[in-house]
A.B. asks: 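One structure coming up, written as structure tokens, with questions to follow.
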Amino acid sequence: MVGKSEPINGTAKSQPPPSPLSPKSPDLLSGYFSFKSLKLKTKQQELLIRVSILCLVYVLAFVTRLFSVLRYESMIHEFDPYFNYRTTLFLTEKGFYEFWNWFDSESWYPLGRIIGGTLYPGLMVTAALLYWGLRFLRFAVHIREVCVLTAPFFASNTTILAYFFGKEIWDTGAGLVAAALIAICPGYISRSVAGSYDNEGVAIFALLLTFYLFVKAVNTGSLSWGLASAFGYFYMVSAWGGYVFIINLIPLYVLVLLITGRYSMRLYVAYNCMYILGMLLAMQIRFVGFQHVQSGEHMAAMGVFFLMQVFYLLDWLKHLLSDTKLFQAFLRMTVTSAVGVGAVALGVGTASGYISPWTGRFYSLLDPTYAKDHIPIIASVSEHQPTAWSSFMFDFQILLFLFPAGLYFCFKRLSDATIFIVMYGLTSMYFAGVMVRLILVATPAVCLISAIAVSATIKNLTLLLRAKTKAPQSASGKGGSSGKAASKGSLDQSQPFQKNGAIALLFGAFYLLSKYVTHCTWVTSEAYSSPSIVLAARGAHGNRVIFDDYREAYFWLRQNTPPDAKVMSWWDYGYQITAMGNRTVIVDNNTWNNTHIATVGRAMSSYEDEAYEIMRSLDVDYVLVVFGGVTGYSSDDINKFLWMVRIGGGVFPVIKEPDYLVNGEYRVDKGAAPKMLNCLMYKLSYYRFGELTTEYGRPPGYDRARGVEIGNKDIKLEYLEEAFTTSNWIVRIYKVKPPNNRW
Amino acid sequence: MAIPLRLRAAVSISIFALLLILPSCSAQDIQVVNAERRIDLTSHIIKVFLTLKVENTGASPASEILLAFPPTQVDHLAVVKAQVATGKRKKKTYTPLDVNPKELPDAPNGTKYLSISLLNPLAAGEAVTLEVLCILTHSLEPFPVEISQSESQLVYYHDSALILSPYHIKQQITFIKTPTTKVESFTVVDPTHRAGTELKYGPYNDRPPHSYSPVIVHLENNSPFAVVEELVREVEISHWGSLQITEQYKLAHAGARHKGVFSRVEYQSRPGHSGVSSFRHLLARLPPRVHSVYYRDEIGNISSSRLRLGALKSELEIEPRYPLFGGWKATFVIGYGLPLEDFLFESPDGKRYLNFSYGCPLVETVVDKLTIKVGFITYQI
């Protein structure tokens, strides 16, 4: 409430300048008045400008995400989106109940997967609703187009949300800047370009919506806002596993408020309403189920919930007991016993198995080295790697410098709302440092806090410029009244270059912001708009060469293999094979069964005859490998192979990583380890590659992805035969031969 | 509105619609003075050119001439066209004639007949020269049925050395044109002569009606056996002045099945020897002024296509995602828009007519099953 009253003061203060100005220049005054009488009032003008800026930002956020459609085509990107697309297709074709009860026998052969119970349905339901809505309005769109444009659409909505959030925590100016910053921030665009049909696309919207509504509820103490935030939380839970961040951040925030003595009835209403309702709603999602009361990751929220009740009780008792000393003693007793009871309950729950321990993913967030040592399957994903400084710079650019400045402004004007955004910013920045993909979660916070910095700085500078034009005595009065502004605080009449300095700083700020815009546009168009299904490269004459090998192979599988064929590949391609190839896969990107993946990893890293046994036992008909040696495509299976060895070796100790290395070095040329040169993956990747000249002036069998001549050119396959290789050799498919007749 | 048409048996469909009772004319009254048959086996669509000089030796005028086909062949008959030449050498003009199926009660061995209705009844003692074009599909039988990548495709062609006819044929000759000089074997019915890509049966003299002498030619044919198993064409008439056509293809290579491995390195490095029977290009002849052409399939756009716009016709060269070997399939969709004024005409009585060809625009392909859907919006003013 305190936070809200200040901006009003600020705007009220910024209005007076015209009136002292009027006696000095009458001609300017008359012009001003004619302008005013013809056009809108200042407030209306401001509203008009604000609304038009928001509309432009809304459109901009959508349009800047269309690079991928213009460069390539309207298609689904990468890996996980293909699963989401496939399930959405199923949902729109078969209806919600079929979708909810869907048992998918096409993946994780022979285990299968209960799709309805193992996914976050928010994204699919959202897209299906959009689709049905458009169909109802007689727009004959294809579901694919809806899916492709879902993420940009939600990104646009997020900008509006950022505006309201910024308005809530600071003022409308900060809100506008936040909307503009988040619209083009690469950290967010990386996950929300057209075609990137992934949970994060809607989840960031849901995340910000929950936070905004919760802060609103805390600020107003209104039950309806609390209810709204519970529904926002429900949407978030239905959309993305990242909801765990919310259910831990909000209790943490509440705890901080309690510790700093900011406990209020508003907070009590907001948190209890949000937690209880949000929890009950979240239990409706099958994948989440009873985790809110059973899983260790959700216990903090419950603990804080009980703590709130203790606080309320104490408040009430304090009201009843007028004696402070008595109360102090009681307080000590109650807090100790409450904490003790909580600890005992947690201990008993954990020991009895009622409360499940933290999952590996959660551990790896708290301890970045955990996954590397214990769960190679998490560590093997590139987006789970710790973030490099360069990617921070790449994704945030100037926001990285504005972020601390914004934190400074927030601390200068602490309120419940700014405490929230500070905590959101700091925790998410930590998580962004742990995992690359969590930069996404940090982006809204970084944009909001940076927006505060930009908005406050520019506001102060412009105030300074305006203040200069009027009488010096009134300027000093103004400086005193709004003394919290940093540059204003240092404002002194004895500084002669103040105005020039302010102008220079303003120009500097605009220069930086325009740099930010060009950087974001460049990053979006160059780095984040590739669908990674279709690869593009520059030809020798500067022309654009398209490598459409993935779809070539998947379509070949779809058309020319028996409908019940089982395809074994590394799990990265599982979703794509089921969605585009329409064939059963052994493992896919939903890495729920480590043993199954390890079995595939073991098959890939064994000799052919051993691998054949494994493949026979898994009923495999085709093996698919991705090979970049001809095109120089570096994210192929040979480069991922060590992870297969590690994951396979994690479950089957017969596979040992040192067998594939030479002096700790991974190589594929003549000096490679003998096991490496004869394992299935090597054979399948390089089969008959030794006959091919890939580059002029190089010996045949020159691997362009690794820049070496391969070590084993004479590869004979005994149990498999080449079934298909795409035109650029990127995907190679082998058929597993049936066993020989015994007689 | 859907008009399912089996192109292969297009003729036989119209038969049942128009069962004509023609004045029965005894076959013995007509004889074929001279018959020449040229069979073109260069692609998988077989063209048979038949030139018949027919004479009426009876007393009454004859108004129709019968063509006879063995039952195995009539099922594969796609098109039969007949024309008669009138006028002398320089001013020769051809007039197309009606061809209708006809059933005769005493057909030996299930022989099927088609009757050609003459423009003017053939008076006694007169002669006329008819030219007949028959197109046969699915008549080349691959043997061996399965080939590997490096082998070339060999096919059987079954026919008769003698022209099957209900009439007495005085003199006849048959030429078979093969795509290459490589002919594994052929049945000899003396006199038979083979030179280069041509195989000559005959001349044979004075053969009685319904003479039949089966021959088998085993030859090499590596032309693309492109068969559209199913084609659904949707023609959408838009009131915005555009005709939108969407064509869904189920394409297959109907030649000898591919066996064993597909080796990309061989396919790439020795294009003349490896995978000679496979094909990767198709050509679609589209009307001129075609616009917004797309070529895609279920999983997205296929980037390998080229469009050449011309004044008389547009050519769309498409390439499936992968080369098609025997037995391999590919499905795709071609869509394009056309200006409506080129195809919609208004008659004086206010009715509008759409004049649009229903066939498949792909050249050198056989369509097994064709469905046309015409969609338009009707509203009353």
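Only a predicted model underlies this, so the values are computations on that prediction, with no experimental measurement involved. Throughout, protein chains are lettered first and strands after them, A, B, ... in sequence-line order, and every chain is numbered starting at 1.
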A.B. asks: At what distance, to the nearest 0.5 angstrom, does CZ of B:Arg264 lie from OG of A:Ser727?
C.D. replies: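 Atom-to-atom, B:Arg264:CZ and A:Ser727:OG are 5.0 Å apart.
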A.B. asks: Measure the spacing between CD of A:Glu552 and CD1 of B:Ile302 and express it to the nearest 0.5 Å.
C.D. replies: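 Between A:Glu552 CD and B:Ile302 CD1, I get 10.5 Å after rounding to 0.5 Å.
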A.B. asks: More than 12 non-hydrogen atoms from neighbouring residues, nucleotides or ligands closer than 6.0 Å to NZ on A:Lys737, yes or no?
C.D. replies: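 Correct, the count exceeds 12.
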A.B. asks: Is chain A contacted by the side chain of B:Thr331, its backbone, both, or neither, given a heavy-atom distance below 4.5 Å?
C.D. replies: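 Looking at B:Thr331, backbone and side chain both touch chain A.
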A.B. asks: How far does CZ of B:Arg296 sit from OG of A:Ser74, to the nearest 0.5 angstrom?
C.D. replies: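 B:Arg296 CZ to A:Ser74 OG: 7.5 Å, rounded to 0.5 Å.
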A.B. asks: Quick one: which of A:Lys735, A:Glu721, A:Gln559 has the most heavy-atom pairs under 4.5 Å with chain B, could you say?
C.D. replies: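 Ranked by heavy-atom pairs under 4.5 Å with chain B, first place is A:Gln559.
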A.B. asks: With a cut-off of 6.0 Å (strictly less than), are more than 12 heavy atoms of other residues, nucleotides or ligands near NZ of B:Lys250?
C.D. replies: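 Open.
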A.B. asks: For B:Ser303, does its backbone N or O pair with a side-chain atom of A:Asp548 as donor and acceptor, under 3.5 Å?
C.D. replies: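 Not a single qualifying donor-acceptor pair exists.
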A.B. asks: Above 12 or not: heavy atoms from other molecules or residues under 6.0 Å from CG of A:Asn543?
C.D. replies: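 Yes, enclosed.
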A.B. asks: How long is the span from the CZ atom in B:Arg321 to the CG atom in A:Asp549, to the nearest 0.5 Å?
C.D. replies: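 If we round to the nearest 0.5 Å, B:Arg321:CZ and A:Asp549:CG are 10.5 Å apart.
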A.B. asks: B:Ser269 versus chain A, heavy atoms under 4.5 Å apart: side chain, backbone, both or neither?
C.D. replies: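 It is neither, since no heavy atom gets under 4.5 Å.
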A.B. asks: Per the side chain to side chain contact (heavy atoms under 4.5 Å, CB included) rule, which among B:Phe262, B:Tyr322, B:Phe325 passes with A:Asn560?
C.D. replies: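 Going through B:Phe262, B:Tyr322, B:Phe325 one by one, the side chain to side chain contact (heavy atoms under 4.5 Å, CB included) with A:Asn560 is satisfied by B:Tyr322 alone.
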A.B. asks: Is there side-chain contact between B:Trp328 and A:Phe724, with heavy atoms separated by less than 4.5 Å?
C.D. replies: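 The answer is yes, as the side chains (C-beta and beyond) meet within the 4.5 Å cut-off.
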A.B. asks: Could you grab the distance from atom CH2 of A:Trp729 to atom CD of B:Gln268, nearest 0.5 Å is fine?
C.D. replies: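 Here the rounded value is 6.5 Å.
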A.B. asks: Does any part of the side chain of B:Glu298, heavy atoms only, come nearer than 4.5 Å to the side chain of A:Asn582, both counted from C-beta?
C.D. replies: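 They are not in contact (no side-chain heavy atoms under 4.5 Å apart), so the answer is no.
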A.B. asks: Can you tell me which of A:Arg144, A:Arg688, A:Met580 forms the most heavy-atom pairs within a distance under 4.5 Å of chain B?
C.D. replies: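 Of A:Arg144, A:Arg688, A:Met580, A:Arg688 has the most heavy-atom pairs under 4.5 Å with chain B.
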A.B. asks: What distance do B:Asn301 atom CG and A:Glu73 atom CD have between them, rounded to the nearest 0.5 Å?
C.D. replies: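 Those atoms lie 4.5 Å apart.
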